[in-house]
Amino acid sequence: MAHTREILTFQFGTYANYVGAHFWNQQEANFVYDGQGEVDEQGLPNNDILYREGQNDQNQSTYTPRLLSVDLAGTLAHLPLAGELYGDFIQRKRDELDASGDGVESTKKALEANQLSTSGKVEVREEPPTPMSEYQRDLLMGAVNTLDRDYKLAETCRTWADFLYARYHPRTLNVLHQYTSNPDLQALGTHTAGAELWSSSFEEDFCDRIRLYVEECDGLQGFQLLFDIDDGFSGLATKCLEHLNDEYSRASFVVPLHYPRNLSYAQADTRTSHNIRVVNAVLSYNHLSDYATMFTPLSTLESIWRNNTLKSRHMPGLHWQADNLYQTSAVLGSYLDTISLSYRMRQTPETLLRFCDRVGVAGRKLTAAAFALPLDMLDKQDLIECLDQRGGKPLLTQITPQCEPGTAHVVQSVVARGIPVSRLKRPPEQAGEQLRMAAYNCGSISQMLQLYYQCAYHNSLSNVISTVLPIKTQLPFPYELFDKNVNIDGYKLPGEAQRDAGTRVASAPALGALQSSSRLGEHIDALHAQTHRVQLAKLQSYSQAGLEREEYETALEHLLEFRDNYSDSQYL
């Protein structure tokens, strides 16, 4: 009997939870229920890898992400700490709760009954009701209009809870009550502060929750870990990763996330804030190079350290506000949903460890991400024509900042999605010039892309898989991202043609890649170059957090040693 190969996911930080919300929304948008859909079962993801089946207090079956999320106080908005599937959240409105405090007491009992904390140690605080977003109110009432209602989430979204469609297990949410969310200030500012928080008050209860999840698994294969690298959540995340490495020795795919905007730190001017951001990255990379199986920094920005202009990447067919958390996180969440199909598909039962080892060869744990959403393919065009007419133009846009892996000596894992086999090539009687192409002999999307990369990338090794499942771009996805020349199926319209007024893109084909090459060493060089301008003694927030000069210099030396893995001599 085959094991499920479960994976436990972590999200540390506000932006990580934004990206995670889109990721989990995308999972549920592609759920196929009995009797629905035209996709063969083997062409679907194995949802049990990331999800757990359970039962709530009303003996109703639940299916929730196997997830632990950590964020600041104030970010949950209307969400109860114990989630919405357990207790009496669905059955009773908030204003019907007994004003005497029975609601608080019942919540406490429910948390202890569900093994969310040791009996007698849980503390529940009642806060004033937080207004629901219009989308969430309609969702609760079953009245969401995905076709023509404009909820203006890009303008009104205050937190990731405002657009979360997926519902979490009561064990999932963890709030740092001593730190309150501030849209203009990093409340938990430094890596060292996060690491100290782990050791002083956070570790015991959080590790119990990890253990409970792990004990439910039949064949745990590893962990996905998303975290905000620009602030103190990097310290919490790397300490957690160290714990996972020591206790469970499983594969870990780690995704450090950079904010699309420059936030300030307490008692720090712009220059000091830049320095803190650099030190956070150095300390994070130091730990990731030791404890992660593979890590891939993500950002919609071209550069991240000492970036005052906030120049964003450009992805053909999309446009977004460079500093908008809701929109930018949708792009990164869609990428994670796409590339993780490599180890979630039923038809390609690759393990997470094999996925990491395939790309992170020769000690090159730092990898780069590239993405196309939508795939730059014309309506009515075949894939064979699309690839033949590229003319050297890249298929993908890099979303790992300050990084260009190049097209030679690249090791990469590629996932194509949403391209039906009927769009591969024309039938022989209509093929014409296609018959003369070597690619015409390819019988699948993955075969044709494999051939393309063999020809376009010199001395490179590519592994390609494909699925017909597209990216679903209906609410709560920010459908306004798409240019007007993209049709409702996500393909580019010819000439000056535009999508019909009032219609939205419902789904889109996409292509994602995880890449490694010697040129990724330039990313580490760019970080190290910024450290020469850091005067650690003048960083008051780090001095107060207890970072010693010797510890920082050791991390710098380790960073340079890690960079040696990206020299050509090391690889050859």
Side-chain angles (χ1 to χ4, degrees), residues 10 12-16 70-72 176 178-180 182 185-203 206 225 227-246 254 256-259 262-292 295 297 304-307 365-366 523-563:
F10 297 83
F12 287 92
T14 299
Y15 195 52
V70 186
D71 211 335
L72 305 174
L176 305 180
Q178 60 270 57
Y179 296 96
T180 301
N182 184 329
L185 186 70
Q186 299 280 21
L188 181 63
T190 66
H191 181 281
T192 303
E196 286 189 346
L197 178 62
W198 171 273
S199 301
S200 62
S201 61
F202 187 79
E203 179 180 8
F206 192 73
L225 198 153
F227 73 93
D228 297 354
I229 192 174
D230 295 326
D231 56 28
F233 282 104
S234 60
L236 268 177
T238 53
K239 292 298 289 185
C240 176
L241 183 62
E242 182 179 350
H243 170 79
L244 297 176
N245 204 58
D246 291 342
V254 184
L257 297 161
H258 292 274
Y259 263 80
N262 284 332
L263 297 185
S264 300
Y265 301 85
Q267 300 178 335
D269 56 18
T270 300
R271 180 178 179 180
T272 302
S273 294
H274 285 323
N275 288 336
I276 293 173
R277 195 171 290 111
V278 168
V279 175
N280 285 342
V282 168
L283 297 178
S284 297
Y285 279 26
N286 176 46
H287 287 86
L288 293 175
S289 62
D290 279 338
Y291 298 115
F295 65 100
I304 44 179
W305 301 300
R306 305 188 194 283
N307 181 0
K365 294 184 177 183
L366 168 67
H523 176 90
I524 303 174
D525 292 338
L527 171 58
H528 192 268
Q530 298 300 331
T531 64
H532 298 301
R533 300 168 62 180
V534 174
Q535 295 179 294
L536 194 63
K538 294 186 177 182
L539 299 184
Q540 184 177 358
S541 55
Y542 261 111
S543 299
Q544 294 173 347
L547 177 65
E548 299 292 340
R549 180 76 191 183
E550 182 179 356
E551 180 183 350
Y552 176 63
E553 291 179 348
T554 299
L556 284 176
E557 292 176 4
H558 194 186
L559 186 66
L560 291 177
E561 292 175 0
F562 179 63
R563 195 264 181 260

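Atom set for the values below is all heavy atoms of this structure, side chains included, hydrogens, waters and symmetry mates excluded.
The two atoms that bring A266 and L185 nearest to each other are N-CD1, 3.5 Å, heavy atoms only. Taking each heavy atom of D290 and K365 in turn, the nearest pair found is O-NZ, 3.4 Å. Across every non-hydrogen atom of N262 and H274, the tightest pair is ND2-CE1, 3.9 Å. Of all heavy-atom pairs between G189 and Y265, the closest is O-CE2, 3.3 Å. V254 approaches A292 most closely through the heavy-atom pair CG2-CB, 3.7 Å. In terms of heavy atoms, A555 sits closest to L283 at CB-CD2, 4.0 Å.
Distance check, rounded to the nearest 0.5 Å: CZ of R549 to OG1 of T554 gives 11.0 Å. Atom CG in L288 sits 11.5 Å away from atom CD in E242 (nearest 0.5 Å). Rounded to the nearest 0.5 Å, atoms OH (Y259) and CG (L263) are 6.0 Å apart. The distance from the CG atom of L559 to the CD atom of E561 is 9.5 Å, given to the nearest 0.5 Å. For the atom pair CG (L236) and OG (S199), the distance works out to 9.5 Å, reported to the nearest 0.5 Å.
Partner V279 forms a side-chain contact (heavy atoms from CB on, under 4.5 Å) with one of T531, T190, L547 and no other, that one being L547. Between L188 and the choices T14, D228, L176, D231, the side-chain contact (heavy atoms from CB on, under 4.5 Å) rule is met once, by L176.
You'll find the side chain of Q186 stays beyond 4.5 Å of the side chain of S264, heavy atoms only. Within the 4.5 Å cutoff, side-chain heavy atoms of V534 are placed close to those of L539. For the pair I276/N280, a side-chain contact is recorded, criterion being any heavy-atom separation below 4.5 Å from C-beta on. Looking at heavy atoms from C-beta onward, L197 lies in side-chain contact with Q178 at the 4.5 angstrom threshold. With a 4.5 Å cut-off on side-chain heavy atoms, L527 and I524 do not count as touching. Considering only heavy atoms from C-beta on, F562 comes within 4.5 Å of L366 through its side chain. At least one side-chain heavy atom of V70 sits under 4.5 Å from a side-chain heavy atom of F202.
The 12-atom threshold is not exceeded at CD of E548, counting heavy atoms of other residues, nucleotides or ligands nearer than 6.0 Å.
For F295 and Y285, the ring centers sit closer than 6.0 Å to each other. Between H528 and W305, the ring centre distance reaches or exceeds 6.0 Å. No close placement of the Y15 and F227 rings is indicated, their centers lying 6.0 Å or farther apart.
A donor-acceptor contact under 3.5 angstrom links the side chains of T272 and D269, judged on distance only. At a cut-off of 3.5 Å, with distance as the only test, a side-chain donor of H191 or T238 sits close to an acceptor on the other residue.
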message = Before you tell me yes or no, could you show the steps for F10 and L244 under side-chain contact (heavy atoms from CB on, under 4.5 Å), namely the whole-Å CA-CA distance, both residues' side-chain angles and the distance that decides it to 0.1 Å?
response = CA-CA 11 Å; F10 297 83; L244 297 176; 3.6 Å; yes
inquiry  = Evaluate R277 against R306 for side-chain contact (heavy atoms from CB on, under 4.5 Å), listing each step before the verdict.
reply    = CA-CA 8 Å; R277 195 171 290 111; R306 305 188 194 283; over 6 Å; no
inquiry  = Quick one, I229 with H258, criterion side-chain contact (heavy atoms from CB on, under 4.5 Å). Give me CA distance, side-chain angles, the key distance, then yes/no.
reply    = CA-CA 6 Å; I229 192 174; H258 292 274; 3.2 Å; yes
task = Verify side-chain contact (heavy atoms from CB on, under 4.5 Å) between F206 and H243, making sure each step is shown before the conclusion.
result = CA-CA 11 Å; F206 192 73; H243 170 79; over 6 Å; no
